[in-house]
Amino acid sequence: MKENITYNMLKNVSLADVIRIVIENGNLDIKTDIEEKDIYYTAKELMDIYPNMFSKYKLAKYIREENFPVIKDGKDRLFRKSSVEKWIESKNNKAMFRSI
């Protein structure tokens, strides 16, 4: 009997309704800060993803001369995806203005 009552009560409730109720009641901690969701690349991953733009030597040059965004942890170097994308975009914009 209780199962039928529960089933009849929940049969018209969608997943979106459940999520909305949980969020409204504050029982779900959803982080909207992009910094916490960001992806970090190693130097090797960066060279694999952008092979035409980065090599071992170009990456070292960009870090040294062009303030390429890097996080150093001992010998390891990490690169935040959003920072890399912004840097590439600004580099492309500079190249576009030079060609005009």
Side-chain angles (χ1 to χ4, degrees):
M1 183 73 169
K2 287 185 179 181
E3 293 83 19
N4 287 339
I5 294 171
T6 304
Y7 173 77
N8 288 331
M9 184 176 75
L10 294 176
K11 72 179 180 180
N12 293 325
V13 176
S14 70
L15 179 60
D17 294 330
V18 172
I19 292 171
R20 181 183 47 78
I21 290 168
V22 170
I23 291 172
E24 286 175 357
N25 290 323
N27 295 331
L28 185 61
D29 187 22
I30 296 179
K31 304 281 185 196
T32 57
D33 187 14
I34 191 130
E35 294 288 328
E36 294 188 22
K37 294 181 181 179
D38 216 350
I39 297 170
Y40 292 86
Y41 298 130
T42 62
K44 182 175 179 352
E45 290 172 333
L46 198 60
M47 289 182 271
D48 290 341
I49 294 169
Y50 302 101
N52 295 334
M53 180 165 273
F54 299 112
S55 68
K56 182 178 178 180
Y57 303 104
K58 284 183 181 179
L59 191 56
K61 177 186 171 193
Y62 293 151
I63 291 170
R64 187 175 59 248
E65 296 176 4
E66 298 189 24
N67 296 326
F68 188 74
V70 62
I71 300 167
K72 294 183 180 180
D73 182 25
K75 289 185 177 182
D76 296 331
R77 297 178 297 177
L78 298 174
F79 306 90
R80 183 179 290 142
K81 179 182 177 183
S82 60
S83 298
V84 170
E85 290 172 348
K86 286 178 189 175
W87 185 86
I88 291 171
E89 184 178 321
S90 70
K91 186 163 180 65
N92 288 341
N93 287 341
K94 287 177 186 177
M96 187 173 64
F97 285 120
R98 285 184 207 148
S99 65
I100 294 178

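As the structure is a computational prediction, the values presented were derived from the model and not from experiment. Numbering of residues begins at 1 and proceeds along the displayed sequence.
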* For Met47 against Phe54, the heavy-atom pair lying closest together -> CG-O, 3.9 Å
* Result of checking Met53, Arg64, Arg77 against Leu59 for side-chain contact (heavy atoms from CB on, under 4.5 Å) -> Arg77
* What residues, two or more places apart in sequence or in another chain, satisfy salt bridge (Lys or Arg N to Asp or Glu O under 4.0 Å) together with Lys75? -> none
* **Student check: side-chain heavy atoms of Leu78 and Val70 closer than 4.5 Å** =>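 Contact flag for Leu78/Val70 side chains = no.
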* Inter- and intrachain pairs under salt bridge (charged side-chain N to carboxylate O under 4.0 Å, His left out), touching residues 51-60, at least two apart ->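 Non-adjacent pairs meeting salt bridge (charged side-chain N to carboxylate O under 4.0 Å, His left out): zero.
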* Could you tell me how the ring of Trp87 sits relative to the ring of Phe68: parallel (under 30°), tilted (30 to 60°) or perpendicular (over 60°)? =>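 Answer is perpendicular, since the angle exceeds 60°.
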For the atom pair [atom1] ([X]) and [atom2] ([Y]), what is the distance rounded to the nearest 0.5 Å?
| X | Y | atom1 | atom2 | value |
| --- | --- | --- | --- | --- |
| Ile71 | Ser83 | CD1 | OG | 7.0 Å |
| Tyr40 | Ser82 | OH | OG | 7.5 Å |
| Glu45 | Ile39 | CD | CD1 | 9.5 Å |

